Asks: 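Sharing a structure here in structure tokens format.
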Amino acid sequence: MGPLMRVRLHFPTSSRIETTHLEEIIGCHCGRLIAVSAVGCSATESFVPQLSQTSTATSEPEPGMPYSAYRAQDLLTIYSAVTEITYECYAENGYVEFLEVLPEQKANMFRTLPSTPDYASAFGRLTKAPWFESEGEARKSGYGHGASAVVTSVYAMDVEFRDVARTCASKADEKLPGSQAFIADYSGLGATLADALKAVTDRNWDEVTEKIFACMATHDFPVSPSGPNMSPSWAIDFGVPLGVEPVPDFPQIIEGARIQVVPTSPAKNYVPTSEEAESAAVMHKCSVETGARESWEKAMIDAERGAISQNHVKLAELNAALPKLLEIVGTTQKSA
């Protein structure tokens, strides 16, 4: 392994914190939540996760795991109700395009919007080990990435939308009293918990990964830090032919448009070569054989326990407010 031991190793993009991008996009001027893809306003300082454009994960942390105490799905339920009210209000004020995208966005609980606090997905991405969850996943995924689907959304570039956004944020808060303050507070706590996991992903795992690479070499799959066929995600040459990563369909924003609906586009899968699939399967096996997976999982559980312990008072206080808010949401939805 010689030279490789001195090369800074890169985890794949899909399993690193870069895919979670804790963004400062939650409000606009007045600090109220504004659920829209793009508006002519500045953001307040509050962190929420932005995953891929098509995060569809709905699972809570596994029962018994420390972060299961954080009610991520309930947060999404409240946020989704607030956002639905604001979309309907936008339409009442002349921006009918929001009704056009509402059914599809609502079905996905608005996860594709950068302001949506989807911490269930954020925690899942952060805790996922870089060396594949199973042999089956390794063979199916290989070392590349597909292009996520894009759910239809609205881009509002009209400066007059600012005033409408303020009005609609106030209306949503009238219908769901205390909901937006709760979303901001609970999202802030979620960011704190996510940072604890991010600290684990930021830790130097090179030595552990080098052991995996050494193990792969013993199984006839040596890697090189500077070969001719570098993996874009790993910055490593795995010594096998790789599949071709599909090009994402980025929304084409029309210059000068006042408001624009971006249509849905399907996901594009990455297909690894047969040799790549075999190599990835060996990587997964070696992550188990070398103890890398066990070390990663222990570090994540320790991080969760530590973060919950440090924030248990705030978490208990906010969780106590959930039943009343969820009751208000349920009553509002039944009367709609």
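The structure presented is a predicted model; accordingly, all values stated were derived computationally and were not measured.
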Asks: When you measure from the side chain of Glu245 to the backbone of His145, do you find a donor-acceptor pair of N or O atoms at a distance under 3.5 Å?
Replies: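 Side chain of Glu245 to backbone of His145, a donor-acceptor pair under 3.5 Å: yes, one is there.
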Asks: Let me confirm one number: the CD-CG distance from Glu317 to Asp185, rounded to the nearest 0.5 Å.
Replies: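 Result: 8.0 Å between the selected atoms.
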Asks: Is the shortest heavy-atom distance from the side chain of Ser224 to the side chain of Ile236 under 4.5 Å?
Replies: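 No - every pair of side-chain heavy atoms lies 4.5 Å or more apart.
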Asks: Would you say Met283 and Val271 are hydrophobically clustered, going by side-chain heavy atoms of ILVMFWY under 4.5 Å?
Replies: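 The answer is no; the residues belong to distinct hydrophobic clusters.
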Asks: Would you please test Leu197 and Thr127 for side-chain contact (heavy atoms from CB on, under 4.5 Å) and show each step?
Replies: CA-CA 7 Å; Leu197 302 180; Thr127 56; 3.7 Å; yes
Asks: Do the two ring centres, one from Phe221 and one from Phe238, sit under 6.0 Å apart?
Replies: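 No, ring centres 6.0 Å or more apart.
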Asks: Which pair of non-hydrogen atoms, one from Tyr79 and one from Ser115, has the smallest distance, and what is that distance?
Replies: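 Minimum heavy-atom contact is OH-OG, 2.8 Å.
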Asks: Mind jotting down which residue pairs meet the disulfide (SG to SG under 2.5 Å) criterion with at least one end in residues 187-287? Sequence neighbours excluded, please.
Replies: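 Disulfide (SG to SG under 2.5 Å) check on residues 187-287 returns Cys215-Cys286.
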Asks: Is there a donor-acceptor contact under 3.5 Å linking the side chains of Thr152 and Gln105?
Replies: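 There is no such pair (donor and acceptor under 3.5 Å, judged by atom type) between the side chains of Thr152 and Gln105.
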Asks: Is the number of heavy atoms from other residues, nucleotides or ligands within 6.0 Å of CD (Glu137) greater than 12?
Replies: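 Yes, the 6.0 Å shell around CD holds more than 12 heavy atoms from other groups.
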Asks: Can you label the angle between the Phe123 ring and the Tyr119 ring as parallel, tilted or perpendicular, going by 30° and 60°?
Replies: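 Geometry flag for Tyr119 against Phe123: tilted rings.
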Asks: Would you mind reporting whether Tyr155 and Ser153 have side-chain heavy atoms less than 4.5 Å apart?
Replies: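 They are in contact (side-chain heavy atoms under 4.5 Å apart), so the answer is yes.
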Asks: Quick one, Val240 and Glu278 - any side-chain contact, counting heavy atoms below 4.5 Å?
Replies: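 Of all side-chain heavy-atom pairs linking Glu278 with Val240, none is under 4.5 Å.
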Asks: Would the distance check show the side chain of Tyr67 and the main-chain N or O of Leu193 forming a donor-acceptor pair, the cut-off being under 3.5 Å?
Replies: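 Side chain of Tyr67 to backbone of Leu193: a pair is present.
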Asks: Take Arg111 and Asn108, measure what side-chain contact (heavy atoms from CB on, under 4.5 Å) needs, and give me the verdict at the end.
Replies: CA-CA 6 Å; Arg111 286 186 178 87; Asn108 193 38; 3.6 Å; yes
Asks: Under a 4.5 Å cut-off applied to non-hydrogen side-chain atoms, are Phe132 and Ser287 in contact?
Replies: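 No, too far: nothing below the 4.5 Å cut-off.
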Asks: Got a donor-acceptor contact below 3.5 angstrom from the Arg125 side chain to the Ala122 backbone?
Replies: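 No, Arg125 side chain to Ala122 backbone: no donor-acceptor pair under 3.5 Å.
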Asks: Centroid-to-centroid, Phe161 to Tyr90, below 6.0 Å?
Replies: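 Ring-ring flag for Phe161/Tyr90: true, centres closer than 6.0 Å.
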Asks: Counting only heavy atoms not in Lys140, do more than 12 fall under 6.0 Å of its NZ?
Replies: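 Open: at most 12 neighbouring heavy atoms sit under 6.0 Å from NZ of Lys140.
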Asks: For His284, run the side chain to side chain contact (heavy atoms under 4.5 Å, CB included) check against Arg293, Arg139, Glu133 and tell me which one passes.
Replies: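 Only one option passes, and that is Arg293.
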Asks: Given 3.5 Å as the limit, does a donor-acceptor pair link the side chain of Lys268 with the main chain of Val247, or not?
Replies: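 Yes: the side chain of Lys268 pairs with the backbone of Val247.
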Asks: In terms of ring plane angle, is the pair Trp296 and Trp205 parallel, tilted or perpendicular, where the classes change at 30° and 60°?
Replies: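 Answer is tilted, since the angle falls between 30° and 60°.
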Asks: Does any part of the side chain of Val154, heavy atoms only, come nearer than 4.5 Å to the side chain of Val262, both counted from C-beta?
Replies: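 Contact flag for Val262/Val154 side chains = no.
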Asks: Tell me whether Thr116 contacts the main-chain N or O of Phe110 through its side chain, where contact means a donor paired with an acceptor under 3.5 Å.
Replies: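 A pair under 3.5 Å: yes.
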Asks: Has Glu97 got a side-chain atom pairing as donor or acceptor with Gln260's backbone, closer than 3.5 angstrom?
Replies: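 Not confirmed, Glu97 side chain does not pair with Gln260 backbone.
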Asks: Side chain of Thr86, backbone of Thr83: donor and acceptor closer than 3.5 Å?
Replies: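 Checked: pair present.
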Asks: If we ignore angles and hydrogens, is there a donor and acceptor under 3.5 Å between the side chains of Tyr186 and Asn319?
Replies: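 A donor-acceptor contact under 3.5 Å links the two side chains.
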Asks: Distance-only, no hydrogens or angles: does the His219 side chain make a donor-acceptor pair with backbone N or O of Met216 under 3.5 Å?
Replies: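 No; judged by distance alone, with no hydrogens or angles, the pair does not exist.
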Asks: Once rounded to the nearest 0.5 Å, what's the spacing between atom OG1 of Thr332 and atom CD of Glu327?
Replies: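 Reported to 0.5 Å precision, the distance equals 10.0 Å.
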Asks: For a quick test of reading the model, state the closest non-hydrogen atom pair linking Leu126 to Ala194 and the distance between them.
Replies: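 Minimum heavy-atom contact is CD1-O, 3.7 Å.
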Asks: So, taking the atom named CG in Leu315 and the one named OG1 in Thr192, what distance separates them when rounded to the nearest 0.5 Å?
Replies: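 Answer for the CG-OG1 pair, Leu315 versus Thr192, is 11.0 Å.
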Asks: Should Ile85 and Ile328 be counted in the same cluster of Ile, Leu, Val, Met, Phe, Trp and Tyr side chains packed under 4.5 Å apart?
Replies: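 Same cluster: Ile85 reaches Ile328 through Ile, Leu, Val, Met, Phe, Trp or Tyr contacts under 4.5 Å.
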Asks: Check the orientation of Tyr87 and Phe98. Use parallel for under 30°, tilted for 30 to 60°, and perpendicular for over 60°.
Replies: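 Geometry flag for Phe98 against Tyr87: perpendicular rings.
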Asks: With sequence neighbours left out, what residues match Asp163 under side-chain contact (heavy atoms from CB on, under 4.5 Å)?
Replies: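 Only Arg166 meet the side-chain contact (heavy atoms from CB on, under 4.5 Å) criterion with Asp163.
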Asks: With rounding to the nearest 0.5 angstrom, report the CD1 to CZ distance, Ile78 to Arg71.
Replies: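 So the gap between those two atoms works out to 9.0 Å.
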Asks: Donor-acceptor pair, Asp158 side chain versus Glu160 backbone, under 3.5 Å?
Replies: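 Judged by distance alone, yes, a pair lies under 3.5 Å.
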Asks: Side chains of Asn311 and Tyr70: closer than 4.5 Å at any heavy-atom pair?
Replies: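 A side-chain contact is absent here, since even the closest heavy-atom pair is not under 4.5 Å.
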Asks: Can any side-chain N or O of Glu276 pair as donor or acceptor with the backbone N or O of Tyr143 at less than 3.5 Å?
Replies: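 Yes; judged by distance alone, with no hydrogens or angles, the pair exists.
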Asks: What closest approach, in Å, do Cys89 and Lys171 show between heavy atoms, and which atom pair accounts for it?
Replies: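 Here Cys89 and Lys171 meet closest at SG-CD, 3.9 Å.
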Asks: Are Trp234 and Tyr270 connected in the hydrophobic side-chain network, where two residues link if heavy atoms are under 4.5 Å apart?
Replies: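 Yes: a chain of side-chain contacts under 4.5 Å links Trp234 to Tyr270.
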Asks: Honestly curious: do Leu326 and Phe182 fall in one hydrophobic cluster under the side-chain, below-4.5 Å linking rule?
Replies: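 Yes, Leu326 and Phe182 fall within the same hydrophobic cluster.
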Asks: Would you mind reporting whether Ser231 and Asp237 have side-chain heavy atoms less than 4.5 Å apart?
Replies: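 Asp237 does not reach Ser231 side chain to side chain.
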Asks: Report the C-alpha separation of Glu88 and Leu102 in whole Å, then their side-chain angles, then the decisive distance to 0.1 Å, and conclude whether the side-chain contact (heavy atoms from CB on, under 4.5 Å) test is met.
Replies: CA-CA 9 Å; Glu88 292 170 347; Leu102 180 57; 4.2 Å; yes
Asks: For Gly142 versus Pro272, what's the shortest heavy-atom pair and its separation?
Replies: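 Looks like CA-CB, 3.8 Å.
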Asks: Do Val150 and Thr112 have side chains that approach each other closer than 4.5 Å (heavy atoms only, starting at C-beta)?
Replies: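 They are not in side-chain contact.
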Asks: Looking at every heavy atom in both Ser187 and Leu75, which two are closest together, and how far apart are they?
Replies: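 What the structure gives for the nearest pair is OG-CD2, 4.1 Å.
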Asks: Would you please test Thr77 and Asp74 for side-chain hydrogen bond (donor to acceptor under 3.5 Å, both in side chains) and show each step?
Replies: CA-CA 5 Å; Thr77 297; Asp74 287 338; 4.8 Å; no
Asks: Can you see whether Asp118 engages Ser121 through a side-chain donor-acceptor pair at a distance of less than 3.5 angstrom?
Replies: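 Looking only at side-chain atoms, Ser121 and Asp118 do form a donor-acceptor pair, the distance falling under 3.5 Å.
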Asks: What is the distance from atom CE of Met109 to atom CG of Leu76, rounded to the nearest 0.5 Å?
Replies: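 Going from CE on Met109 over to CG on Leu76, the span is 5.0 Å.
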Asks: Determine whether Leu99 and Val101 fall in the same hydrophobic cluster, where Ile, Leu, Val, Met, Phe, Trp and Tyr are linked whenever their side-chain heavy atoms lie under 4.5 Å apart.
Replies: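 Leu99 clusters together with Val101.
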Asks: Can you give me the closest heavy-atom contact between Ala303 and Val200, atom names plus distance?
Replies: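 Shortest heavy-atom separation between Ala303 and Val200 comes out as CB-CG2, 3.6 Å.
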Asks: To the nearest 0.5 angstrom, please state how far the NZ atom of Lys175 sits from the CG atom of Asp173.
Replies: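 The CG atom of Asp173 is 12.5 Å from NZ of Lys175, to the nearest 0.5 Å.
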Asks: Start with the C-alpha distance between Glu304 and Met65, add both sets of side-chain angles, then the distance that settles side-chain contact (heavy atoms from CB on, under 4.5 Å), and finish with yes or no.
Replies: CA-CA 8 Å; Glu304 287 194 19; Met65 293 293 288; 4.0 Å; yes
